[in-house]
Number of protein chains: 2
Amino acid sequence: MSAAQETTGGEMEPWEQVTPDAARRLLVAAVEAFAERGYHATTTRDIAGRAGMSPAALYIHYKTKEELLHRISRIGHDKALDILRTAARREGTAAERLADAVSSFVRWHAGRRTTARVVQYELDALGPEARAEIVALRRQVDAEVRGIIEDGVAAGEFDVLDVRGTTLAVLSLCIDVARWFTVNGPRTPEEVGALYADLVLRMVGAG
Amino acid sequence: MSAAQETTGGEMEPWEQVTPDAARRLLVAAVEAFAERGYHATTTRDIAGRAGMSPAALYIHYKTKEELLHRISRIGHDKALDILRTAARREGTAAERLADAVSSFVRWHAGRRTTARVVQYELDALGPEARAEIVALRRQVDAEVRGIIEDGVAAGEFDVLDVRGTTLAVLSLCIDVARWFTVNGPRTPEEVGALYADLVLRMVGAG
DNA sequence: GCCGAAGGTGAGCGGTCGCTTAGCGCGCCT
DNA sequence: AGGCGCGCTAAGCGACCGCTCACCTTCGGC
């Protein structure tokens, strides 16, 4: 909640970059459908229906159903990486930057839960070459968080024995928010972000 | 690794309770297939094929494909709950019991990753009544961990502001192991269990 | 030695899937 | 004014889905 450690990161819905309008409507419809039922349980007829179009309209803007998932995953990972980079590269101590990174990353996973769910849990539905591209982005995500933790250790702020393992745990904690968070639940994304930032600072020995 | 905080919990593959033999082979085949490709992407022909049988044989032992998932989910949740109960009800301080619970729970998610994956991530594929039964088991899982944390707070061992939120985070951290763990990775289930037990003790202010 | 139950197979039914194709309406450019 | 191309639809193709059915084999009990 403390205003000093908040990074707004601008727009959290990145779909406006998708044009034309019909292609964007199909993409948003696909995100909703994939998040609700999973990629394999979603039909192209359902996606087109949600976008107010006939089933064939989908293939004017996308070659296959998998290309839809690929585009969503790519845009979502770009956004996630952007959020972490913004937090990692601001000024402040390693503890402040880590708290900011966790807080904003968690807020995105909670607030944009449908997008995050598709991005984080439907990776296996991608073909080999598309998956490889996304995996490379995930490595950059990992490196960004590991960099903050290494900075904290080097500065004597953190007490961490296993940097790679702790990085994995921190990211894992944030990502799993997309699995359990519900808008009907008792917590706001901001509250979860603040709680998780505190828990992570304890994990690295800066609490 | 410290032997004092290990709870073996006996057999970690609980499928031997399933009879007859053909029904068990089908169940194990379904676990593998669901874990690899997800419930909706798995065909009954694939399951029967892995078990060395014709597609029709599946319906001698199970009414539908969903009943297979239901049975797997039920047995898996029973096992997970059993692991946590064993740790929660042993003798020792709250810190010892929490470390034991996290360590054994994580070891199960890493060591029996295929089972854990189906149990933790295919819940939405169940119908309403089957899902309700499983959700009730999950509430018991949550209560078991929360009980240990409440004990630690009451005994002055832990420093936790938000008990429910911290419980959620602890379980979330453990469960997500099933998403990222690979047998090809650099860590053994025992190593991850020990690391995570340490991180969780830090989270509750007992590190 | 025959019988019925239990456990298995091959073929296939109705339905739905991802995706394609032929053609239609409607703005835009000359 | 007229033709052209873009965005879209209706219809449907071939494949594959979950599941069923008629039939076959094996085997213990009397």
Side-chain angles (χ1 to χ4, degrees), chain A residues 15-73 118 122-131, chain B residues 15-73 118 122-131:
Chain A
W15 309 125
E16 71 239 18
Q17 69 182 72
V18 179
T19 55
D21 182 71
R24 179 173 53 250
R25 270 160 48 219
L26 284 164
L27 209 81
V28 170
V31 170
E32 289 172 6
F34 292 163
E36 272 179 31
R37 317 225 261 259
Y39 175 79
H40 290 294
T42 299
T43 69
T44 55
R45 285 164 174 85
D46 180 31
I47 296 169
R50 286 175 192 247
M53 295 168 155
S54 79
L58 195 151
Y59 295 92
I60 296 164
H61 301 282
Y62 304 95
K63 270 190 308 194
T64 63
K65 178 176 144 186
E66 194 199 319
E67 192 195 328
L68 263 168
L69 178 61
H70 183 193
R71 287 268 241 272
I72 292 166
S73 198
V118 178
E122 302 292 340
L123 180 65
D124 292 345
L126 253 32
E129 66 298 335
R131 181 161 54 238
Chain B
W15 309 125
E16 72 242 15
Q17 69 182 74
V18 179
T19 55
D21 182 72
R24 179 174 51 250
R25 270 160 47 219
L26 284 164
L27 209 81
V28 171
V31 169
E32 289 172 8
F34 291 163
E36 271 180 32
R37 319 225 258 261
Y39 174 79
H40 289 295
T42 299
T43 70
T44 55
R45 285 165 174 85
D46 181 31
I47 297 170
R50 286 175 192 247
M53 295 167 150
S54 80
L58 195 151
Y59 294 92
I60 295 165
H61 301 281
Y62 303 95
K63 272 192 306 197
T64 64
K65 176 177 147 187
E66 195 199 318
E67 192 195 327
L68 263 169
L69 178 61
H70 183 193
R71 287 268 240 273
I72 291 166
S73 199
V118 178
E122 301 293 340
L123 181 65
D124 292 346
L126 253 30
E129 67 297 336
R131 180 161 57 235

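Below, read A as the first sequence line, B as the second, and so on, with proteins coming before strands; counting in each chain starts at 1. As the structure is a computational prediction, the values presented were derived from the model and not from experiment.
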Tell me whether the NZ or CZ atom of A:K65 lies within the 45° cone about the ring axis of A:F34 and under 6.0 Å from its centre. no

Separation of A:L58 atom CG from C:dT21 atom P, in whole Å? 16 Å

Gap between atoms CD1 and P, on B:I47 and D:dG18 respectively (whole Å): 8 Å

Mark yes or no for whether B:E122, through its side chain, and B:L69, through its backbone, hold a donor-acceptor pair below 3.5 Å. no

For the helix from C:dG1-D:dC30 to C:dT30-D:dA1, measure the angle between the helix axis at one end and the axis at the other, each built from five pairs, rounding to 10°. 10°

Pair B:Y62-B:L27, side chain to side chain contact (heavy atoms under 4.5 Å, CB included): steps then yes or no: CA-CA 10 Å; B:Y62 303 95; B:L27 209 81; 3.3 Å; yes

Touch class at under 4.0 angstrom, heavy-atom based, for A:S54 against every strand present: base

What is the distance from NZ of B:K65 to C1' of D:dT20, rounded to the nearest Å? 17 Å

Please determine, for the side chain of A:T44, which listed nucleotide (D:dC21, C:dG18, D:dC19) has the closest atom? C:dG18

Atom CD1 of A:I60 and atom P of C:dC19: how far apart are they, to the nearest Å? 15 Å

For B:A56 and A:A57, find the nucleotide of DNA chain D closest to each by heavy atoms; which residue's nucleotide sits nearer the 5' end? A:A57

Side chains of A:R131 and A:L123: does their closest heavy-atom pair fall under 4.5 Å? yes

One pair to check against side chain to side chain contact (heavy atoms under 4.5 Å, CB included): A:R37 and B:H40. What are the steps and the verdict? CA-CA 9 Å; A:R37 317 225 261 259; B:H40 289 295; over 6 Å; no

Below 4.0 angstrom from OP1 or OP2 of C:dA6, is there any side-chain N or O of B:H61? no

Flag side-chain contact, heavy atom, 4.5 Å: B:Y39 against B:L126: no

